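Below is a structure I'd like to ask you about.
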Amino acid sequence: MSELTRYSKAPFSGYHRDKSPPTIDPELTRVGPGQPCGELFRRYWIPIALSKEVSSERATKVRVLGEELVLFRDHSGRLGLLDLHCAHRGTSLEFGRIRERGISCCYHGWHFDIDGSVIEAPTHSAESRVRERVFQGAYPAQEYGGMVFAYMGPPEKKPDFPIYDLYEKPGVTHKAHKFHWPCNWLQIRENGLDPLHVKYLHAEAGQRFPSTMEVLPTMAFEESPLGLFYITTRRMGEMIYLRQNEIFLPHADWVNGLEDAKGETVFDRRGGGTDFVVPIDDGNSLFFMMLDAYSLDRTTGMNGVWDRDFSWPIQQGLNYSIPSSGQNGDRPYEERQRSAGDWDAATTQGAIHSHQDENLGWSDAGVSIFRRRIREEIRKVKTGQDPIGLHYGLNGKHIRTRGHNTVLRVPKGRNEAEEQYLLTAFYSEFLKEVVEGDLQQDTPVADRLRIGHEVVRRIVAAL
Ligand code: FES
Ligand SMILES: [Fe+2]
């Protein structure tokens with residue numbers, strides 16, 4: 001049987017294909033307690049539910065990182081996140097009674113505070129020390145932007161809850177969504193590191209994307225202080241359009257709104273949102289989107305698509321971007337076949353996709369880099385180091401991020417080599433401006449444009 005290969009070189013060779021189950025990569029895909037990737041996730045604040053799913057009337061059962069938990073809001077307004085099964089004899093606390101402080105079990109009335117301490121244990125005598133001895137498993141939880149986040153790692157290593165500057169842009173509120181994707185978390189996150197799919201899966205399938213997305217971009221992936229930058233540059237007539245997303249390792253991604261590249265704009269962060277991938281278990285994940293919602297203010301003077309044409313991305317009068325179509329499996333099968341979305345692409349790779357069967361090419365650079373970076377962070381945790389992107393002692397300070405859309409007029413190169421130089425220099429010069437320079441969220445619009453025009457002069461002069 002040694003002639004069997006996973007991919008044969010001969011035509012009509014299905015028979016000779018090795019059909020034994022491919023191996024999966026346990027380091028990157030296993031997320032339960034004690035598993036390498038599970039331990040990495042347990043060092044971060046991760047979203048586990050939408051705020052609207054949490055009630056003070058009934059507890060909500062949640063499954064995350066392979067653990068079964070119960071989430072509720074007690075009558076004093078605090079969030080509780082406890083092990084699902086009662087410390088007395090294991091009944092599920094989803095049937096519990098929510099109290100002023102914490103929750104009590106439906107079966108024999110054990111009453112737990114939100115930190116897991118036992119307030120009452122009616123099954124035991126008043127002298128019993130059970131209340132000091134036993135704690136129900138509990139995790140800290142916090143709300144932000146319409147979502148509930150949990151920290152499921154070692155208490156002594158709990159980082160500050162991260163509030164990124166782009167969460168708190170002027171005039172912006174958030175709209176949160178949650179979708180179930182029946183596949184491993186890695187497949188979903190890799191989808192956001194794959195610029196080529198935007199052209200084929202989205203733009204060419206007639207989804208409502210601007211024509212900029214039909215252009216094959218120059219792509220780059222660079223280190224960011226929080227993880228990775230996903231960078232694409234596109235020539236659109238006399239303009240160059242730079243789109244820089246930022247991946248906050250391991251699981252979050254700031255995704256910019258889509259520009260039509262019809263007007264000049266620099267460091268424009270409107271129209272996007274942050275998405276988060278959270279493993280339910282090895283073969284199921286939650287995909288959260290925290291989309292920016294705007295007031296219809298056209299006075300910013302940025303001249304981006306958001307100033308000129310709010311009508312394109314706004315669906316059904318909702319003032320937010322990123323079409324959600326294709327982000328879940330609720331659409332009719334035939335419609336999904338005609339116009340597949342991210343959900344269809346990622347979930348049909350299999351519950352846990354095997355990398356053994358892949359044939360990676362140049363456009364998969366982001367996927368390879370992401371896997372390598374995740375592996376590095378997993379190994380840091382394994383050896384007792386802190387992984388990237390944890391913050392302590394923030395004292396309310398926002399974390400600086402660097403994702404943006406920039407569109408500027410740049411004369412075309414006289415030949416292919418010059419054009420390639422311009423596209424590459426454009427992004428790398430802006431990368432310097434946003435990492436080491438002054439270009440950031442609170443830079444006034446006039447200064448942004450001035451800095452932008454200086455960058456263009458510099459790169460054109462070097463031709
Ligand atoms: S099983 Fe919960 S109180 Fe007995
Ligand atoms: Fe996509």
Side-chain angles (χ1 to χ4, degrees), residues 59 61 68-70 72 80 82-99 102-113 116-125 128 130-131 133-138 177 179 181 183 187-210 212-214 216-217 219 230 232 243 245 247 253-258 272-277 285 287-289 291 313 321-329 331 336 339-349 363-364 366-367 370:
K61 182 175 159 181
E68 295 203 300
L69 305 168
V70 70
F72 58 92
L82 303 179
D83 276 354
L84 184 67
H85 297 285
C86 173
H88 175 224
R89 277 171 51 206
T91 289
S92 173
L93 291 178
E94 72 196 288
F95 302 108
R97 217 159 286 135
I98 298 174
R99 302 297 194 90
I103 191 169
S104 56
C105 178
C106 67
Y107 206 2
H108 316 97
W110 276 42
H111 179 184
F112 305 104
D113 207 342
S117 54
V118 180
I119 296 171
E120 246 184 294
T123 50
H124 289 59
S125 66
S128 163
V130 74
R131 288 190 295 142
R133 219 171 24 83
V134 176
F135 276 81
Q136 179 74 6
H177 302 266
F179 304 112
W181 293 46
C183 66
Q187 287 149 238
I188 308 173
R189 196 63 298 159
E190 286 175 356
N191 174 266
L193 272 298
D194 175 10
L196 193 66
H197 92 270
V198 180
K199 173 177 162 66
Y200 291 97
L201 184 69
H202 301 306
E204 288 192 358
Q207 292 171 12
R208 294 201 305 160
F209 278 62
T212 42
M213 292 299 116
E214 288 164 24
L216 202 58
M219 336 174 173
Y230 156 118
T232 52
R243 182 169 187 243
N245 294 350
I247 288 92
D253 186 4
W254 160 256
V255 182
N256 282 285
L258 300 174
T274 313
D275 60 53
F276 305 82
V277 179
S285 307
F287 184 59
F288 289 89
M289 295 171 119
L291 300 179
S321 65
I322 305 183
S324 60
S325 120
Q327 302 304 318
N328 62 30
R331 296 184 302 147
R336 289 168 45 215
S339 176
D342 290 318
W343 191 94
D344 307 294
T347 62
T348 56
Q349 289 176 295
S363 82
D364 301 303
V367 169
F370 181 68

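Because the structure is a prediction, the values reported are computed rather than measured. Sequential numbering from 1 along the given sequence is applied to the chain's residues. No hydrogens, no waters, no symmetry mates; every other heavy atom, side chains included, goes into these values. Read the numbers this way: they start at 1 and go in the same order the structure lists the ligands and their atoms.
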Qualifying salt bridge (charged side-chain N to carboxylate O under 4.0 Å, His left out) pairs, either residue in residues 84-96, two or more places apart:
none
Non-hydrogen atoms of Thr232 and Pro217 that approach each other most closely
CB-CB, 3.7 Å
Given Asn328, Asp275, Ile188, the one that forms side-chain contact (heavy atoms from CB on, under 4.5 Å) with Phe179:
Asn328
Exercise: do Ser104 and Arg97 side chains pair donor with acceptor under 3.5 Å:
no
Starting from the C-alpha separation in whole Å, work towards a yes-or-no answer on side chain to side chain contact (heavy atoms under 4.5 Å, CB included) for Glu68 and Asp83.
CA-CA 6 Å; Glu68 295 203 300; Asp83 276 354; over 6 Å; no
Taking every non-hydrogen atom, the tightest pair across His108 and His88
ND1-ND1, 3.0 Å
Under 3.5 Å side-chain donor-acceptor pair for Thr123 and Trp110
yes
With a cut-off of 2.8 Å, which protein N/O/S atoms are close to the Fe ion (ligand 2), if we only count those under it?
His197 NE2, His202 NE2, Asp342 OD1, Asp342 OD2
Taking 4.0 angstrom as the limit, do Asp194 and Arg189 come out as a salt bridge?
no
Short of 2.8 Å from atom 2 (Fe) of ligand 1, name each protein N/O/S atom, waters not counted.
Cys86 SG, Cys105 SG
Could you tell me which residues satisfy side chain to side chain contact (heavy atoms under 4.5 Å, CB included) with Glu190, sequence neighbours excluded, listed by chain and number?
Leu186, His355, Val367, Phe370, Arg371
